[in-house]
Amino acid sequence: MDRFPPTTGLGRLRGKVAIVTGAARGMGAAEAALFVEEGAFVVLADVNDDEGTALAKSLGEQSEYVHHDVGDETSWTELVKHVDEAHGRVDVLINNAGVSRGGTLEAFEWADFDLMVRVNQRGVLLGMRSVTEPMRRAGGGSIVNVASAAALRGEPELIAYTGTKFAVRGMTQVAAAELAPDNIRVNVLHPGVIDTPMHQQNSAERQEWLANRIPLKRFGNTMEIAEMALFLASDAASYITGSDFSVDGGIFLASR
């Protein structure tokens, strides 16, 4: 797993209980590993049971894996009930799970649209609503919604994906305003092109095209996203809510 920037194990989440969705691989796996290193008990939630179970086992007693479908309301109810009863609280939610499918305005598949809305948009909304009450009882908490650089500017050939990520940004702002009186902070993280299994599905030609657009001249790695998620989840970000945080290598700078 990527280790850049180097982690320090300062206990920045000591005593906190965190749920990370899409935690079996990629950015979610990096977030889960870093959060355990920083003292949290982490519930890894995913539908990829083999990878999720193996990762939780490798992380030790400060983690567990739970099969979870982010687009299903009952699955959320059962997950949060389990975490609250087994661990006594929910302090952090990282709404990391996401899917990406391409398609232009005139040529996209409705099945892809429905899948992205279910996972990227409905999953985030269900997650925020499900953890609100236990976080309120705990005296507050932090929700980090993982959107995309595509949530900040429309990307050609990604119309449905871009739409779901714009929605995440808007829902984050509304939730932040509504939950602030309960000391529940809600922020949104915008990864750029990160070297994950999802990114590796791109053709070599598209990867080259993307690399040439990035001022820092490289793809990001998963631990760089995890470090930002850690900051937003921790008490170091206690006065930050409703805000956007881009970790994208400056991908939009060249076109300004």
According to a hydrophobic-cluster definition based on side-chain heavy atoms being under 4.5 Å apart (Ile, Leu, Val, Met, Phe, Trp, Tyr only), do Leu125 and Ile143 belong together? yes
Can you check whether Val131 reaches Val92 side chain to side chain, under 4.5 Å on heavy atoms? no
Heavy-atom check, side chain of Asn145 versus side chain of Leu189, under 4.5 Å: no
With side-chain contact (heavy atoms from CB on, under 4.5 Å) as the criterion, how do Asp195 and Thr222 come out once you've worked through the C-alpha distance, each side chain's angles and the decisive distance to 0.1 Å? CA-CA 7 Å; Asp195 191 11; Thr222 58; over 6 Å; no
Is there a donor-acceptor pair under 3.5 Å between the side chain of Arg122 and the backbone N or O of Gly71? yes
I need the Arg12 CZ to Leu230 CG distance, nearest 0.5 Å. 4.0 Å
Those residues at least two apart in sequence (or on a different chain) that pass salt bridge (charged side-chain N to carboxylate O under 4.0 Å, His left out) with Arg137 are Asp84, Glu133
Can you sort out the partners of Lys16 under salt bridge (charged side-chain N to carboxylate O under 4.0 Å, His left out), two or more places apart, ordered by chain and number? Asp235
Students often mix this up, so state it plainly: with edges at 30° and 60°, are the rings of Phe245 and Phe231 parallel, tilted or perpendicular? perpendicular
Taking the side chain as every heavy atom from C-beta outward, state whether Pro191 and Met27 have any atom pair closer than 4.5 Å. yes
Any heavy-atom pair between the side chains of Leu126 and Val70 that's under 4.5 Å? no
Is there a donor-acceptor contact under 3.5 Å from the side chain of Asn120 to the main chain of Thr164? no
Any idea which heavy atoms bring Val20 and Ala23 closest together, and the distance? O-CB, 3.3 Å
Where do Gly249 and Pro215 come nearest, in terms of heavy atoms and distance? O-CD, 3.3 Å
Met116 side, atom CE; Ile159 side, atom CD1 - distance, nearest 0.5 Å: 10.0 Å
Under 3.5 Å: donor-acceptor pair, side chain of Ser243, backbone of Ile240: no
Would a 4.5 Å heavy-atom cut-off, applied to side chains only, mark Leu115 and Glu109 as touching? no
Treating Asn48 as the side-chain partner and Ala24 as the backbone partner, does any N or O pair qualify as donor plus acceptor under 3.5 Å? no
Glu85: salt bridge (charged side-chain N to carboxylate O under 4.0 Å, His left out) partners, not counting sequence neighbours: Lys81
In Å, rounded to the nearest 0.5 Å, how long is the span from CD of Glu31 to CD of Glu227? 11.0 Å
Hey, does Val80 have a side-chain heavy atom less than 4.5 Å from the side chain of Pro134? yes
Please give me the minimum heavy-atom distance between Met135 and Val90, naming the atom from each residue. CG-O, 3.3 Å
Could you go through residues 59-68 and list every donor-acceptor pair under 3.5 Å that involves a side-chain atom there, pairing it with any protein atom two or more places apart or in another chain?
| from | atom 1 | to | atom 2 | distance (Å) |
| --- | --- | --- | --- | --- |
| Gln62 | NE2 | Ala40 | O | 3.3 |
| Ser63 | OG | Ala56 | O | 3.0 |
| Ser63 | OG | Gly60 | O | 3.3 |
| Glu64 | OE1 | His82 | NE2 | 3.3 |
| Glu64 | OE2 | His82 | NE2 | 2.9 |
| Glu64 | OE2 | His87 | NE2 | 2.7 |
| Tyr65 | OH | Asp46 | O | 2.7 |
| Tyr65 | OH | Asp49 | OD1 | 2.6 |
| His67 | ND1 | Asp49 | OD1 | 2.7 |
| His67 | ND1 | Asp49 | OD2 | 3.2 |
| His68 | ND1 | Ser75 | OG | 2.8 |

So, His190 side chain and Ser148 main chain: donor-acceptor pair closer than 3.5 Å or not? yes
Are Val144 and Phe166 grouped together when hydrophobic residues (ILVMFWY) are joined by side-chain heavy atoms under 4.5 angstrom apart? no
Thr21 side chain to Asn96 backbone, donor-acceptor under 3.5 Å: yes
Straight-line distance of Thr53 OG1 to Leu55 CG, nearest 0.5 Å: 9.5 Å
For residues 158-176, which residue pairs pass the salt bridge (charged side-chain N to carboxylate O under 4.0 Å, His left out) check, not counting sequence neighbours? Arg169-Asp244
Side-chain heavy atoms under 4.5 angstrom apart, residues restricted to Ile, Leu, Val, Met, Phe, Trp, Tyr: same cluster for Phe219 and Leu216? yes
Check whether Val99 and Tyr161 end up in the same hydrophobic cluster, where Ile, Leu, Val, Met, Phe, Trp and Tyr are linked by side-chain heavy atoms less than 4.5 Å apart. yes
Under a 4.5 Å side-chain heavy-atom rule over Ile, Leu, Val, Met, Phe, Trp and Tyr, are Val117 and Trp110 clustered together? yes
Looking at Leu232, is its backbone amide N or carbonyl O close enough to the side chain of Asn187 to form a donor-acceptor pair, meaning the two atoms are under 3.5 Å apart? no
Over all atoms of both residues, closest heavy-atom pair of Ala147 and Val188: CB-CG2, 3.6 Å
Hey, does Val193 have a side-chain heavy atom less than 4.5 Å from the side chain of Ile214? yes
Rounded to the nearest 0.5 Å, what's the gap from CG on Asn95 to OG1 on Thr172? Could you check? 8.5 Å
Ser234 (side chain) donor-acceptor with Ala236 (main chain) under 3.5 angstrom: yes
Minimal non-hydrogen separation, Gly154 against Thr162, with atom names: CA-CG2, 3.9 Å
If you look at every heavy atom in Met128 and Thr132, which pair is closest and at what distance? O-OG1, 2.8 Å
Salt-bridged, Glu155 to Arg213, with N to O below 4.0 Å? yes
Verify, without hydrogens or angle tests, whether Glu224 (side chain) and Asn221 (backbone) share a donor-acceptor contact under 3.5 angstrom. yes
At what distance, to the nearest 0.5 angstrom, does CD1 of Ile225 lie from CD1 of Ile94? 12.0 Å
Could you walk me through whether Leu79 and Val43 pass the side-chain contact (heavy atoms from CB on, under 4.5 Å) test, one step at a time? CA-CA 9 Å; Leu79 171 66; Val43 179; 4.0 Å; yes
Could you check whether any side-chain N or O of Arg185 sits under 3.5 Å from a backbone N or O of Ala237, counting only pairs where one atom can act as donor and the other as acceptor? yes
Salt bridge (charged side-chain N to carboxylate O under 4.0 Å, His left out) partners for Asp182, two or more places apart: Arg136
Using side-chain contact (heavy atoms from CB on, under 4.5 Å), reason through Leu152 and Ser246 one step at a time and then give a plain yes or no. CA-CA 9 Å; Leu152 300 173; Ser246 296; 3.2 Å; yes
